[in-house]
Every structure is written in structure tokens, then in C-alpha cells.
> 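Sending over a structure as C-alpha cells; questions will come in a sec.
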Number of protein chains: 2
Amino acid sequence: MESSVSLAAFPRLDVRTMADDGDALRFCSTCAFSQACLDQGMDKSALLDLHVLVEHVGPFHAGEHIFREGDPFEAIAAVRAGTVKTYVIDQDGREHVLGFHLPGEVIGLNAIDGDHYPCNAVALDTVMLCRFSFPKIAVLAARLPGLQRQLFRLLSRDIGRAALLAGDWSADQRMAAFIVGLSRRLAARGFSPNRFQLTMARTDIANYLRLAPETVSRVLKRFQQEGLLAVDRRELELTGRDVLEKLAGPVLRD
Amino acid sequence: MESSVSLAAFPRLDVRTMADDGDALRFCSTCAFSQACLDQGMDKSALLDLHVLVEHVGPFHAGEHIFREGDPFEAIAAVRAGTVKTYVIDQDGREHVLGFHLPGEVIGLNAIDGDHYPCNAVALDTVMLCRFSFPKIAVLAARLPGLQRQLFRLLSRDIGRAALLAGDWSADQRMAAFIVGLSRRLAARGFSPNRFQLTMARTDIANYLRLAPETVSRVLKRFQQEGLLAVDRRELELTGRDVLEKLAGPVLRD
DNA sequence: CGGGATGTTGAATATGATCAATGAGCGTGG
DNA sequence: CCACGCTCATTGATCATATTCAACATCCCG
């Protein structure tokens, strides 16, 4: 039933050699990774080196797997469009959602320690990726301090992010933090912060937040009654951002 | 009341220039970091380069801070002896324990993304450290692929580790996973896996596991009644390792 | 239309938290 | 050496939040 298109096995597509600077900068304009590398002190000629080892892959359609637990680790990837869910299946066959990855964010970082991906990654809608061979990018990072620094930062940031959900927060705080977090991440990529689609099912949200799906329903309903949200199916509008931010504050630490 | 000896501000002690290979390898024999780097393909001459930028600092005594949230980030450090607790204080003044760091483990990795430490680190008993200036080690990593690889692995591993506690496990599972986890980490450093001291207070364990201190007491008592543990004050003996491993299994994923 | 997946609602239940009190260990000082 | 005080740990009783179980509603796609 489920299709499985392994990133590792994905044919190398769309590898172009850059001719001129302008082309290079247009090449991956939606991929925040390049911009961040520039910010870390990489010059444009270095960016060219980075871009020649990028492969644009996709589209992956909803339900298609990008990689699976145990697949040999070869590459990290930046999400260019769509949403990726990462998850594991435990011994009892229960799914545990590890995270949702929006455009501009990088998947596969937790695979660096080990030869295989430690989790599954699946597209929730139509997903486009920039694939970076990790061995190659590691070699390049040795030449480009800006790139090395950016990779260290990405990894370090994820450590902190993973700790957020670990707290013993209430269902309300978790839900608020999830919504505000999504909103901010979307805003950072240029999307509307106050009105967006939930690309994941309620059960996925519940699983991610370690709540029962019923609890997610009830909290959303109450938020709506309190005027914090307008919920219509998977469409979300933030109507009481200040209160949500305040609820989410302790979780997001700001 | 509390003493604060910032690692950042700590005077550079014990910086030696290595004369010969034998000396270098003895230099940091209790620091697993060097060994791990060797395993990652670094040769001995490269290890010399690494060792000249190591500073052995300490001892820190119980309650002394190694660094504090907001201190400028300059260095990561490997624990050579003792236990380090990392934690944050939230807006309401409540402490959140992020982790306990045993000999051989590295602290400060989550500070790489940002100019300041994002948490506090305090010694729970007498702590000795190997301090590595991060700017210097990053420069060195560009020359030494084995070192770069080891740093990437350390960072990547911590991402996975942080996700473990995030699950919605029962108090019994959390407690078992904590004990089994400690046991394994101690065993990896050559300590007895079935009999060891808890260097942290019950309240710290509770805080780390997101349980009430009372719950920790009750679970420990029940484990003892069921013959899984012998608890005496902070002394712990694992008498039913198989059952504990089975309880911890889903949390530790093995 | 119809059927299956997804989402919502209500009532009962359970797990761990909270509150309050007691106990044990340990350092200090008389 | 014992008394004191402090911190840390334990125990019991009550309470609250979120889960579970069951039924129903809705949406989407054939």
C-alpha cells in the first residue's frame, strides 16, 4: 500500500555544474541552507562548490517515504517544499513521531552518528528536497570554515530543540507551543504566521505531543471557544496570538 | 552562598607542550574523547595537535558551577572524573534538569549554536575536566577529518539521546531506563555496572525524569520489594537486571 | 451514494501530582 | 558525646489531569 522511495537509492537527478555566480544563487533560492552558509562567512565562490554537490530530488507525494530506519546513511537533505514527518516504530509496533520538518529545515542530522538512518521520514504532502551527500559535504566543510560552522550550528540547535518537548508541560502548554512554534517557523520562511494549514493529522500531532488524539481535539476546541484560534478542519487561524505566546512561553523558553 | 567558578573565566592551567608520543597518550588517558578520535581514524601525530590545546581544569567541588546560562561560549569540555548536572531555570524560577554527564562524556555541545551557554552546569561531586577551546578545535577539525567526524558524531548522538526522555513513558519505565542507562554508561568507562552510587539527589532524578520526588521514592521502594534493586541511601545494586532491562527496553530502544 | 479514514464528544478510570507530616542522616557547636 | 538544626528522603491521603473506552459525526474519495 505504502510506496517507498528511498532517498539513498534515489537516482541522482538535476546535478548541474554552475557556470556563473548569478546562476548559482538562483539555483537553490528556496533552500535556507545556502543563505545560512553565507551568513556564516562563506563567500560566493565557496557557495558554488556547495551547489555542485546538491541534488534536487522529488517530488515525493503524501505517504511516500524519503528514507526508512536502517537504510544506509549517505545524505542529509534540506526541505525545499512540503512537510516531512520523522518517526520510529517501537518494539510493540507503536509509532512515535519525532518531528515535523518544514521548508528550510534539514533532515537526517541524527543519522551522522552511525551508518544507518535511525528513523523513518515520510512526506505528508508534496515534498521537494535538496540532497547533500554527507561524505562530500564533510570533505568540503574541511575547506570551508563557514560551512563547517553552519553544520555544527544546525546539529547543536537540534539538541536544544529536542529537549523542549521533554518537559512536563500541560496539554494546553504543549498545544500552544506546537502552534506558536509552527507559526514562527513558517513566518521565518515567508509564509503567513497567523493563518496556515496543519499538514499533519490530529493523531500525528497527538503522538508528537505525547497526548491522546482526543485531548488534542478538546484543547483545540477550548482554544477556539476562548477566542485564541479559529479552527476549520486542518485550516488554522491564530486570533489570540498574545495568549498563545504566553502559554507557550515556558516551553519555548522566551 | 553558591560558589561560581566559570569555565570561561577559568585561568588556563596545565597547558603542556607534548615532547614525545608516549607522553601525549598518557596525558589524557581518562578522557574518552582522545580514544574516540583515534577510532575515527586520527593518527597519533594528529592526537598531539589535539592535546596541545587541551587544558585540564578542576577540581570543581560539589555545588560549584562550571558555567552558567549566558556565559560567553568558548569551550566544550570532556568530563574526566565526577558528575556534572546541566539545567535551566524557567521564567517561574523552576529548575529543569537537562542531563547528567559522567566521565568520558562531553558538555557544552548545545552551546555551539549561539555565542552563549544556553544552560547551567554544576558539579555534583568532585569534578575534573578536559577543556577544549571551541574556536581552536574547529580550526583543527578542518585539518583532521577524524576529529571533524568525531565532533559531528558527538553532536548527532546527543540529538538522539535528547529524544529518549521525551516519550510518554510510565514512571516505572522512566526509572528503569534511568538506572539501566547509568549502569551502561558507567560500564563503558570501566566502572561496576551492577553496584554504583547515585551522585545526584532524589529531587534531581525526579526533575530529570519529569516525576515528583515522591514518585521516585515510591518506585524505588517497589523495585526493591520486587527484588530488582537493593537501595541503601544513594548506594544502588542491580539485583534483577533482566527485568529492569525489559522495562527500559522501549525507552532505550534496544 | 457508500464506505473508510479521520475527527469529535461524553463518561468512567487511572496514573502520577500535590499536600502535609514524619523520619533519617549529617555537620556543627555546646 | 549528645543536642540541635538543616537538608534530604519517605510515607500516607487526597486530588487533578489526561487517558481510555465507546459511540457518533464528518469528510473525502471511490
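Chain letters run A, B, ... following the sequence lines, proteins first, then strands; residues in each count from 1.
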> Do the side chain of Thr86(A) and the main chain of Ala121(A) share a donor and acceptor less than 3.5 angstrom apart?
no
> Where along residues 244-253 of chain B does a heavy atom fall under 4.0 Å from DNA chain C?
none
> Contact list please: residues 198-210 of chain B against DNA chain D, heavy atoms, distance less than 4.0 Å, in numerical order.
Ala201(B), Arg202(B), Thr203(B)
> Is there a donor-acceptor contact under 3.5 Å linking the side chains of His101(B) and Thr83(B)?
no
> Compute the bend angle of the helix from dC1(C)-dG30(D) to dG30(C)-dC1(D) from the end axes (five pairs per end), rounded to 10°.
30°
> Would you say the side chain of Met128(B) lies within less than 4.5 Å of the side chain of His56(B), judging by non-hydrogen atoms?
no
> Reading DNA chain D from 5' onward, which residue's closest nucleotide shows up sooner: Ala212(A) or Arg233(A)?
Ala212(A)
> If only side-chain N and O atoms count, and only distance matters, is there a donor-acceptor pair under 3.5 Å linking His96(B) with Asp90(B)?
yes
> Check whether any side-chain heavy atom of Gln197(A) lies under 4.5 Å from a side-chain heavy atom of Leu236(A), and answer yes or no.
no
> With heavy-atom distances below 4.5 Å as the criterion, would you say the side chains of Leu165(B) and Arg210(B) are in contact?
no
> First and last nucleotide of DNA chain C touching chain A, 5' to 3', heavy-atom cut-off 4.0 Å?
dT6(C) to dA11(C)
> Output yes when Glu226(A) and Lys221(A) qualify as a salt bridge under the 4.0 Å nitrogen-oxygen rule, no when they do not.
no
> Check Glu105(B) with Arg157(B), please: is the shortest side-chain N to carboxylate O separation under 4.0 Å?
no
> Assess the residue pair Val127(B) and Asp125(B) against the criterion (side-chain contact (heavy atoms from CB on, under 4.5 Å)); give the C-alpha distance rounded to whole Å, side-chain angles, the decisive distance to 0.1 Å, and a yes or no.
CA-CA 6 Å; Val127(B) 167; Asp125(B) 46 12; 3.9 Å; yes
> Restricting to non-hydrogen atoms, name the atom on Gly99(A) and the atom on Tyr208(A) that form the minimum distance, rounded to 0.1 Å.
CA-CE1, 3.7 Å
> Would the distance check show the side chain of Gln173(B) and the main-chain N or O of Ser170(B) forming a donor-acceptor pair, the cut-off being under 3.5 Å?
yes
> Would you say Arg174(B)'s side chain and Leu209(B)'s backbone share a donor-acceptor pair under 3.5 angstrom?
yes
> Answer whether the closest heavy-atom distance between the side chains of Thr199(B) and Arg234(B) falls below 4.5 Å.
no
> Less than 4.5 Å apart, any side-chain heavy atom of Phe73(A) and any of Ile112(A)?
yes
> Using whole Å, what does the distance between atom C1' of nucleotide dT19(D) and atom CZ of Arg94(A) come to?
13 Å
> What residues in residues 214-224 of chain B put a non-hydrogen atom under 4.0 Å from any atom of DNA chain C?
Glu214(B), Thr215(B), Arg218(B)
> Tell me: CD of Gln225(B) to P of dT11(D), nearest whole Å?
8 Å
> Quick test of your reading of the model: are Arg202(B) and Glu214(B) salt-bridged, counting only N-O distances below 4.0 Å?
no
> Looking at DNA chain D, which of residues 169-183 of chain B put a heavy atom within less than 4.0 Å of it?
none
> Rounded off to whole Å, could you give me the CZ-to-C1' distance for the Arg234(B) and dC8(D) pair?
8 Å
> Would you say Arg131(A) and Leu129(A) make side-chain contact, with heavy atoms under 4.5 Å?
no
> Evaluate side-chain contact (heavy atoms from CB on, under 4.5 Å) for Arg195(B) paired with Ser192(B), printing each intermediate quantity in order.
CA-CA 6 Å; Arg195(B) 188 175 185 85; Ser192(B) 161; 3.9 Å; yes
> Go through Glu69(A) and Cys119(A) one step at a time and tell me if the side-chain contact (heavy atoms from CB on, under 4.5 Å) criterion holds.
CA-CA 4 Å; Glu69(A) 182 172 357; Cys119(A) 63; 5.6 Å; no
